[in-house]
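Here the structure comes first, spelled out in C-alpha cells, and everything after it is commentary.
The figures here come from the full heavy-atom set of this structure, side chains too, leaving out hydrogens, waters and symmetry mates. Here is how names work: the chains are called A, B, and so on, in the same order as the sequence lines, proteins then strands, and each is numbered from 1.
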Amino acid sequence: MNEKIILLIEDNPDDVDLTLRALKQNNILNKVVVARDGVEAIEYLTATGSFSNRNPDALPVVVLLDLKLPRMDGMEVLKAIRENEKTKRLPVVILTSSKEERDLINGYELGANSYIRKPVDFKQFIEAVRLLGLYWLIWNEPAPARNA
Amino acid sequence: MPDIRTIFLSYLLTDLVCLIVVVFLWQQNRRRFAGLHLWIANFLIQLAALVLIVLRGWAPDWASIVLAHGLILSGTILGLAAIERFVGLPGRHLHNLLMLVATVLIHLYFTYVSPNLAARTFNTSAALFFVFFQCARLALFRTAPALLPFTRTVGLVFVFYCLISVARMAVALFGAPGRTDFFAESAFEASVLIAYQMLFIALTFSLALMVNGRLRFDLFAQEEKFHKAFHSSPCAIVMTRLSDGAILDVNEGFERLTGYTRKESAGKTTSEMNLWLDEEHRTAFLDALVRDGSIKDRELRLKKQSGEIMTGLLSAEKISIGGQTCVLSSINDITDRKKMESDLRKSEAMLRAVMDNLPIGVAVNSVDPEVHFTYANENFTRFYKTTPEAINAPDGFWEAVYENPKTREEIRKRVLADCASADPARMVWENIPIERTGEETSYVSARNIPIPDSSLVLSTVWDVTDAKKAHEEIRQLNEALERKVNLRTKELRDNQLALLNIVDDLNETARNLALANQSLEAVNKELAAFSYSVSHDLRAPLRSIDGFGSALLEDDGDKLSDEGRNYLERIRRATQNMGRLIDDLLSLSRVTQSDLEREDIDLSAMAREIVQTHRERIPGSTVDVDIEEGMRACADPRLMRIALINLLDNAWKFTSKVSAPHVTFGATTQAEDTVFFIRDNGVGFDMKYAGKLFGTFQRLHRTDEFPGTGIGLATVQRIIHRHGGRIWAEAEQGKGAAFYFTLGG
C-alpha cells in the first residue's frame, strides 16, 4: 500500500503515450497502470479476470478516466466504481476531449471528483497534468482504506 | 112504547130539516169545497126512502121494501163519495154498486120468494155496515193529516153507525123470531131508529163543523199568506187611508227604502213625513188614482229620511178595507237602474263617438237575408265609395258597393256563405276591388265580427290600396333582390370552389411540411450526434499531432535544421488553430440546437462578470469598459452570455492596437424598442463590407493582424435572431465600430 499507483483508463495509444510523457516531464514517477477499456479497468479495480491474482485491497491513488471507450464507456465505469463498496471513495478525474454540457453534468452527477478537458496545445496539457499530479498526488488526502 | 111508524115520520122530518141545513152549507161553500152537492143528493134520497117506508102498506112492497132499501144504500154510498171529494181522494165505487145490486136481489128474494123480515133487516144492516165502515175508515185514517182535525168528528159518527148496524145484525140473527110486521112494536127496533135519527142529526152537525173548520183554517192560511206577501215583499208597500192620507201600515221594504220605521210612519201622512219631493206630484197622483182607481209604474222622486233623493216606480190601487177606502201603494227603487241607464247612455255616446271617428269603416248591421244597417260611420261609406242613402235603401248595400253585376254576385255569394259558416276565420275578406267607372280601382279589406246575443254583426272595412301598392313594390324589390342574391350566390359558390381547391392544396402542403418536419427532426438528431462525435474524435488527432510535434521538437529539435523546426512550429500552430475552429463551430451548432429559455436577466451584471473574467485571464489589458447600469432583458441567459462574450471579445480584440482603448455597453430606445449597443474606438471597418460581417468564416481583417475564426459574429447573429431580435453594425475605418441589437419578445 505504499505505492501510489495512478490508473489511467484510455483507449487511444497516442493519448496514453502523451499522458505518460506529460507525467514524466512533470517528474511524476508513480507507477501508472493503463487500462485500455472500461471492462479491463473494472477487472483491475476488483482484481478479477486477467487481474485476479492482484491484491484487491491495493487501490490506485487516483483514476484518470477517458469517456469514449470501447465495450464499456467512461460513464459506465464511473457508475460501477461508485456502486462498488470498495471503490466508491476513489478519486476519479475525468480526462477527455469533450466539452459537451451533458457530459459535464452526467460526470458530476455520477460522482466525478474533477473534470479536465484535454487541450489541443500540448504545452497546456503538460501544465494541466502537472497541476493534476500536484493536487491529487501531493496535496490531496485520500480517504482511509477501510480495512487498514 | 112509541109507534115505529111515528118514529119513522119523526126521522123523516129530521131528515128534511137536515137537508135544509146541507143545502145552506152547499150554497155557501160550493165554490170552495168539492162534494157538497152529493150530500144534498144523499139526504134527498134518504128522504125519499123514508117516505116509501112510512107508506109501507099503502105503497106496493117492491117500492116500500126493495126500492127503499136500494135508495138508503145508494144515498149512503153517495155520502161516502161526498167525503172522498171533500178530502180530495175520489175513489171508484164498482164494489159498492155490485154490493148494491146483490143486496137488492137478496131483498127481492126475502120479500117475494121467502118473505122474512129478520133476513131483510140483516141484509140492510150488513150492506149499510159495509159502507159505514168505509166512511169511518176514510174520515179517521185515510184523510191527509192536515184535514184530519176536521173529518175526525164525522169519522166518529160513522163509527157509531157501524156499531148500531152490527147490533141490529146481531139482533136480526139471534133475536126472537116471528116478527113479521115491520111496524110491530119492538123496543130494540125503536131504539135503533131513534139512534139512527140522532146520528143523522150528529152527522149533519159534524158535517157543518167540518166545513166550517176547514173554512176557518183556509182563511187563516190566506191571511198568513197575505201578511207574508205584504211584509216580506222586496217592494216598498204602504197602505194609506184615502180620506186623510194617514198611513195604516208599511212593510219592511218601505222601512228599508225610506229609512222610516213602521212605528215612525204609523198614523202620519206622507206629506208630514216629507216623502214627496214636490207636493204637486202628490196631488197629481191622487187625482189620477181617484179618476182611474189604480196607477201603474208612475215614475217619481222621493226624499228618504236621510235626505237622499231616490227615483222610484209607484203603482197604487184603491181598495176597500172594513168599509173605508184605502190606497195600497208599492214603490220600486229604480235609482240604480236609472243610474245604469244614464251610464249606458253615456257609454253608448262614447262608443258612438269612438266609432264615428275610427280611422277604419265600422257598421252594425244584419247580413242574412238582407243587409240592413243599424249604424255606419263615415269611413264605412267612404271606403266602399258610396253614400249612407244608397246603403240604407232596402238591401241596397250590394248594389251600392259593387258596380259590376258579375263581381257583385260572386262576392255576395262568397260573403253570405262565409257568414253562414259562423267560422270567425272565414269572416275576413282581403283585397276586395272596389271598381268605379272612370276611376282607379281601390282595394279594401273587411272583417265581420258577430255581436253576441244578436243577429247583428260588426262590419269593419279599411282601405288597403296604398298597402297593396307598397306590397307590390316590395315584392318587385324582393324579386330583384332575389335575382341579385342568386347571382351573388353563384359567384360565391364559384369562389368557394376555388377556395376549396386552395384548401386542398394547403392540406397537401401541410402534409408535405409535416413530412419535411419529420425528416428535419431526423437531420437535427444526426447533427447532434455529429457534433458530439466532432467534439471527441476530431480533436484527438489534433492533440496527437501537436503532442508528438512538441515531443519531436523537444527530444530531437537539435537534429533538425532551423527550417525544419520552423515547419514543426507552424504545424503546431495550424493544429491549435484547427482546435479553436472546431470549438467555435461546436459553439455555433449548440446555439442553433438548444432550446430557448427566456427569463428576466440583468445584462449589466452579466457584462461586468464577463469583463472581470477577461481581466483575470489577460492581466495586462488596459481597455476601459463602460457599462450602463440596470439594463435588463427577458432572454435566454446561457445564449446571451455567449453573445456578450463574443461581442465584448470582439471589441477588445479590435481595440488592442489603439492608444486609449474604450468600450461602451449601453441601451437606447428606438420606436418603443430597446436597442442595446456595444461601441468601441478600435480599428473599425469599411461599411462596404458590413454585409459580410455576420457570415460564417467571414473575416474583414487578416488573421495575422487580428486572430479569429470568423464564427463569433455568426454565432451572435444566430442568438439574436433566435430571440426574434435584430443585429446590425455601424463603423468607420480607423474610428471604431458599434454593434446594435434588439431582443424582440
Check whether more than 12 heavy atoms from other residues, nucleotides or ligands sit under 6.0 Å from atom OH of A:Tyr108, and answer yes or no. yes

Whether over 12 other heavy atoms sit under 6.0 Å from B:Lys653 NZ: yes

Atom CZ of residue position B:Arg615 - does it have more than 12 heavy atoms of other residues, nucleotides or ligands inside 6.0 Å? yes

Strictly distance-based, threshold 3.5 Å: is any side-chain N or O of A:Asp14 a donor or acceptor partner for the main-chain N or O of B:Ser544? no

Any donor-acceptor N/O pair, B:Arg572 side chain to A:Asp121 backbone, under 3.5 Å: no

Check B:Ala540 against A:Asn12 and note the closest heavy-atom contact, atom names and distance. CB-ND2, 4.0 Å

Below 4.0 angstrom, N of the basic side chain to O of the carboxylate: do B:Glu554 and A:Arg21 qualify? yes

Neighbour count >12 (heavy atoms, 6.0 Å) for atom CE, B:Met578: no

For the pair A:Arg117 and B:Arg539, evaluate side-chain contact (heavy atoms from CB on, under 4.5 Å) and give the outcome as yes or no after the intermediate values. CA-CA 11 Å; A:Arg117 191 185 182 228; B:Arg539 282 161 52 89; 2.7 Å; yes

Under 4.5 Å to a heavy atom of chain A? For B:Arg638 that would be side chain

Should B:Arg543 and A:Asp15 count as an ion pair when the cut-off is N to O under 4.0 Å? yes

If every non-hydrogen atom of A:Val120 is compared with every non-hydrogen atom of B:Asp546, which pair is closest and at what distance? O-OD2, 3.0 Å

Heavy-atom closest pair (B:Ser550 atom, A:Phe122 atom, distance to 0.1 Å) is OG-CD2, 3.4 Å

